[in-house]
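One structure is given here, and the rest of the page talks about it.
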Amino acid sequence: MKIMVAIKRVVDYAVKIRVKPDKSGVETKNVKMSMNPFCEIALEEALRIKEAGLASEVVAVSMGSAQCVDTLRTSLAMGADRAIHVESMSDRLYPLNVAKLLKALVDVENPGLLILGKQAIDDDCNQTGQMVAGLLKWPQGTFASKVVLDKEKQTATVDREVDGGIETLSLDLPAIITTDLRLNQPRYATLPNIMKAKSKPIKKVTPEELNVQIRSDLDVVEVSEPPKRKAGVILSSVDELIGKLKNEARVI
């Protein structure tokens, strides 16, 4: 079985986000970029499945500018067998566009499992996995905290985190799985593997070659920083606290 993993290049989680002066978006020039943390978890799970003998190949996929190749090299250094870069200079790769591109790649590659992070830390959309499942008409297990494959039955058992606890699903393969934080701890890419990754193949394709038209279904009106928190105050009595909660905060 082949496993395809979607990888997104985002602003590194440790970087302090700065909004552009014209409020059109977030500043990305001269900013450290890295693999989306949830995508790292998705890739790690695919690698573990392969190492358990339940898959024959792990293919990493990323979409966007030429800089995405660096992120794909990281995925290859972690252990992916090969990578595909859908090169697009458009800044409008919103979830539906990405879902259509992934569907087109699935039609070409024919994987038995597609694993994605549950969301990207830049837009927090949490939509792509569900949209791909809808386009492919595949079963889906979102927010996965545990994944168990049965090679003979061709099924996947997924524990997913919900508000009330853990929900367990049984999915017929092929299927879509989106990963949550507690699924695993991603490995680090070692120096020997980083060197080996330089010789692993990265296939380049364009949306036009996949017969997918990139168009915006969303318009960004404005991006702004959240308001700064006001300094706390020390109150002298419970009555004063109740008065502020009632008259200023209006929570009682």
Side-chain angles (χ1 to χ4, degrees), residues 3-13 15 17-20 22-43 46 59-76 80 82-109 111 114-136 138 140 142 176-179 202-224:
I3 302 176
M4 182 180 289
V5 183
I7 302 295
K8 187 174 184 182
R9 180 176 180 265
V10 299
V11 176
D12 189 86
Y13 72 92
V15 171
I17 299 298
R18 292 181 293 114
V19 176
K20 293 180 179 179
D22 62 0
K23 295 186 178 182
S24 63
V26 171
E27 187 62 65
T28 56
K29 291 183 179 179
N30 301 317
V31 173
K32 181 183 179 183
M33 308 292 282
S34 61
M35 189 187 303
N36 177 48
F38 290 104
C39 296
E40 286 186 314
I41 294 171
L43 179 60
V59 182
V61 177
S62 189
M63 302 167 190
S65 64
Q67 286 79 8
C68 289
V69 171
D70 297 334
T71 309
L72 286 173
R73 290 290 178 199
T74 301
S75 67
L76 293 172
R82 58 187 176 91
I84 300 174
H85 176 211
V86 182
E87 191 167 17
S88 173
M89 297 308 295
S90 173
D91 59 351
R92 298 178 177 180
L93 288 177
Y94 294 122
L96 185 57
N97 290 322
V98 175
K100 289 179 179 178
L101 290 169
L102 283 173
K103 178 187 181 299
L105 287 172
V106 166
D107 291 339
V108 174
E109 293 288 332
L114 175 60
I115 308 180
L116 309 88
K118 71 170 185 177
Q119 65 196 75
I121 62 171
D122 53 0
D123 56 22
D124 278 335
C125 281
N126 179 24
Q127 296 173 338
T128 305
Q130 294 89 327
M131 287 180 172
V132 181
L135 292 173
L136 288 169
W138 283 9
Q140 59 179 309
T142 56
I176 309 284
I177 293 175
T178 70
T179 59
I202 296 180
K203 180 182 178 182
K204 287 185 180 291
V205 296
T206 64
E208 292 75 19
E209 291 172 336
L210 295 172
N211 293 319
V212 176
Q213 182 181 1
I214 302 299
R215 62 181 183 182
S216 175
D217 50 350
L218 297 172
D219 288 324
V220 177
V221 178
E222 183 180 293
V223 176
S224 59

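- By the 4.5 Å heavy-atom criterion applied to side chains, S75 and L72 are counted as neighbours.
- Listed by chain and number, the residues in a side-chain hydrogen bond (donor to acceptor under 3.5 Å, both in side chains) with K204 are H85 (sequence neighbours excluded).
- For the atom pair NZ (K100) and CG (L135), the distance works out to 7.5 Å, reported to the nearest 0.5 Å.
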Which donor-acceptor pairs under 3.5 Å do the side chains of residues 61-69 make with protein atoms, sequence neighbours left out?
from : atom 1 : to  : atom 2 : distance (Å)
S62  : OG     : I7  : O      : 3.0
S65  : OG     : Q67 : OE1    : 2.7

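- Of all heavy-atom pairs between V212 and A104, the closest is CG2-CB, 4.0 Å.
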Should M33 and V11 be marked as a side chain to side chain contact (heavy atoms under 4.5 Å, CB included) after you check the CA-CA gap, both sets of side-chain angles, and the distance that decides it?
CA-CA 4 Å; M33 308 292 282; V11 176; 3.8 Å; yes
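- Residues satisfying the side-chain hydrogen bond (donor to acceptor under 3.5 Å, both in side chains) criterion with K8, sequence neighbours excluded, are D122, D123.
- Across every non-hydrogen atom of V31 and V15, the tightest pair is CG1-CG1, 3.7 Å.
- With sequence neighbours excluded, the residues forming a side-chain hydrogen bond (donor to acceptor under 3.5 Å, both in side chains) with D124 are Q119, listed by chain and number.
- Taking E222 as the reference, K23, S224 meet the side chain to side chain contact (heavy atoms under 4.5 Å, CB included) condition, with sequence neighbours excluded.
- Using a 4.5 Å heavy-atom threshold, the side chains of L101 and P207 count as touching.
- With hydrogens and angles ignored, the 3.5 Å screen pairs a side-chain donor or acceptor of T179 with a backbone N or O of F38.
- The side chain to side chain contact (heavy atoms under 4.5 Å, CB included) search around L136 returns K103, V106, D107, V132, W138, I176, not counting sequence neighbours.
- Contact annotation: the side chain of R73 approaches that of I202 to within less than 4.5 Å [non-hydrogen atoms, C-beta and beyond].
- Taking the side-chain hydrogen bond (donor to acceptor under 3.5 Å, both in side chains) definition, one finds that S34 meets it with D12, sequence neighbours left out.
- For R82, the side chain to side chain contact (heavy atoms under 4.5 Å, CB included) test picks out K2, E57, V59, I84, E109, P201, with sequence neighbours left out.
- The side chain to side chain contact (heavy atoms under 4.5 Å, CB included) test applied to A46 returns I3, V5, V58, I115, not counting sequence neighbours.
- Residues K20 and V26 approach most closely at CE-O, 3.5 Å, considering heavy atoms.
- Residue Q130 holds its CD atom at 9.0 Å from CG of L116, rounded to the nearest 0.5 Å.
- T178 OG1 to L114 CG: the interatomic distance, rounded to the nearest 0.5 Å, is 10.0 Å.
- With rounding to the nearest 0.5 Å, the separation of CG in L76 from OG1 in T71 is 11.0 Å.
- In this structure, M35 CE and I121 CD1 are separated by 12.0 Å, a value rounded to the nearest 0.5 Å.
- Rounding to the nearest 0.5 Å places CG of N97 at 8.5 Å from OG of S88.
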